[in-house]
Amino acid sequence: MSSHHSGYFGEFGGRFSPEVLIGALDELERTYLSLKNKNRFKKEFKELSRDYSGRPSRLTFAPRLTEAWKGAGIWLKREDLNHTGSHKINNALGQALIAREMGKKRLIAETGAGQHGVATATAAARFGFACTVYMGEEDVRRQKLNCIRMEMLGAEVRPVISGSGTLKDATNEAMRDWARTVADTHYVIGSVIGPHPFPTIVRDFQSVIGKEARKQMKKKTGALPDAVVACVGGGSNAIGIFSGFLKDKKVRLIGVEAGGRGDMAGDNSASITFGQVGYFHGTRSLYIQTDQGQIQNVHSVSAGLDYPGVGPEHAHLAVSHRAEYFKIGDDAALDSFLEAARMEGIVPALETAHAFAFAKKLAPEMGKKANILICLSGRGDKDVAEVARLKGIRTDV
Ligand SMILES: *Cc1c(COP(=O)(O)O)cnc(C)c1O
């Protein structure tokens, strides 16, 4: 193990990685720092974001949810409208540009719901990289559509059978692959987790969400939102939208974790609510652990939130009280998935449905003069089969 002095958010973050990866992490940090202010890089990233991903993403008012929830105005930042259907493409394209600069030939990724795998496979196709995506076998089952998409995009999906067959286990395997192949391979981490510099790089690429949303809210409502609500798996869509409002102390920043089927260990993945300080996947943060300090298998109906930890910047925002974190269970998320579909004509990802379910509780508390901005992190096509199964919706039409 080797630790690193930079990349801390308060007491969280840093770098706690095996020696074999230190050279690659240093190279990544160096390349990113030298690229990020270069005009050719900024121009290429901006053009890709606009002409390939479809940025800026829209800000949409939700009239029927606003009326039904009897409180604050509800506004949606539409990351579901990005190419490939979620915020993940913002980061995958950015890291692909860095990988090309480093002369790498292959991209690897972990994925839970498959959105990050699809985004990485897409970036790999666009730039001509080989691509391998690790995905837990439970997630392969519940997110079949995205598996087929990745294979069609030319990536190889490797199912992971260890542990609970979910995101944590896929991340373990991707890290193992990287340790063997680091000379020609870049590991595109999909959230604000992992060793320094990943949490910073991913945050920077996702900060476009918050920058755009801040301007759009001002333009459409004449003011900043009173609260910003986002679901938190590793925390990348939440950090992306929060980062636009961190300095606006009056704006409440609210992260929504997966409450799963209950508060018992193993039944949820609410890492800020139930986690303790620890070291995992190369960084110091909050993790759900057993009494012996082992990482706990966790659960959420939503594969993208099914991770036992949270990015170090969120841990810092939580302990410093700049952001608040709450949990929403599987059942409430499933109800909100259908409510958004039927009231607004928008099928959100199951991950995002957790943010809707919390906003529904918050809206009447905040009152009609307030505005709530929800990060609509992705679309729910990938979830329709699983939601139909769990909610008994007919599929034999
Ligand atoms: C991956 C994913 C998430 C969870 O990841 P974060 O890093 O916490 O954003 C949330 N929503 C969607 C649509 C996702 O694809």
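Every number for a ligand or one of its atoms is a count from 1 in the order of the listing. What you see below is based on every heavy atom in this structure, not just the backbone, and it leaves out hydrogens, waters and symmetry mates.
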Taking atom CZ of Arg261 as the centre, report whether more than 12 heavy atoms of other residues, nucleotides or ligands fall under 6.0 Å from it.
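Counting neighbours around CZ of Arg261, more than 12 heavy atoms of other residues, nucleotides or ligands fall under 6.0 Å, so yes.
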State, to 0.1 Å, how close Gly309 and Ser271 come at their nearest heavy-atom pair, and which atoms those are.
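Taking Gly309 first and Ser271 second, the nearest heavy atoms are O-OG, 3.2 Å.
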Shortest non-hydrogen contact from Lys104 to Glu27?
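Heavy atoms of Lys104 and Glu27 come nearest at NZ-OE1, 3.4 Å.
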Is any side-chain heavy atom of Glu257 closer than 4.5 Å to one of Leu305?
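Not in contact.
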Measure the shortest side-chain to side-chain distance between Gln206 and Asn237 over non-hydrogen atoms and say whether it is less than 4.5 angstrom.
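Side chain of Gln206 against side chain of Asn237, heavy atoms only: no contact under 4.5 Å found.
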Looking at Tyr52, is Arg126 sitting on its ring face, NZ or CZ under 6.0 Å from the six-membered ring centre and within 45 degrees of the normal?
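Checked: cation-pi criterion met.
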Dump all N/O pairs between ligand 1 and the protein below 3.5 Å as a table: atom names plus distance, one pair per row.
from     : atom 1 : to     : atom 2 : distance (Å)
ligand 1 : 7 (O)  : Ser191 : OG     : 2.6
ligand 1 : 7 (O)  : Gly235 : N      : 3.3
ligand 1 : 7 (O)  : Ser236 : N      : 2.7
ligand 1 : 7 (O)  : Ser236 : OG     : 2.7
ligand 1 : 8 (O)  : Gly233 : N      : 2.7
ligand 1 : 8 (O)  : Gly234 : N      : 3.3
ligand 1 : 8 (O)  : Gly235 : N      : 2.7
ligand 1 : 8 (O)  : Ser236 : N      : 3.4
ligand 1 : 9 (O)  : His87  : NE2    : 3.0
ligand 1 : 9 (O)  : Ser236 : N      : 3.4
ligand 1 : 9 (O)  : Ser236 : OG     : 3.2
ligand 1 : 9 (O)  : Asn237 : N      : 2.8
ligand 1 : 9 (O)  : Asn237 : ND2    : 2.8
ligand 1 : 11 (N) : Ser377 : OG     : 2.7
ligand 1 : 15 (O) : Lys88  : NZ     : 2.8

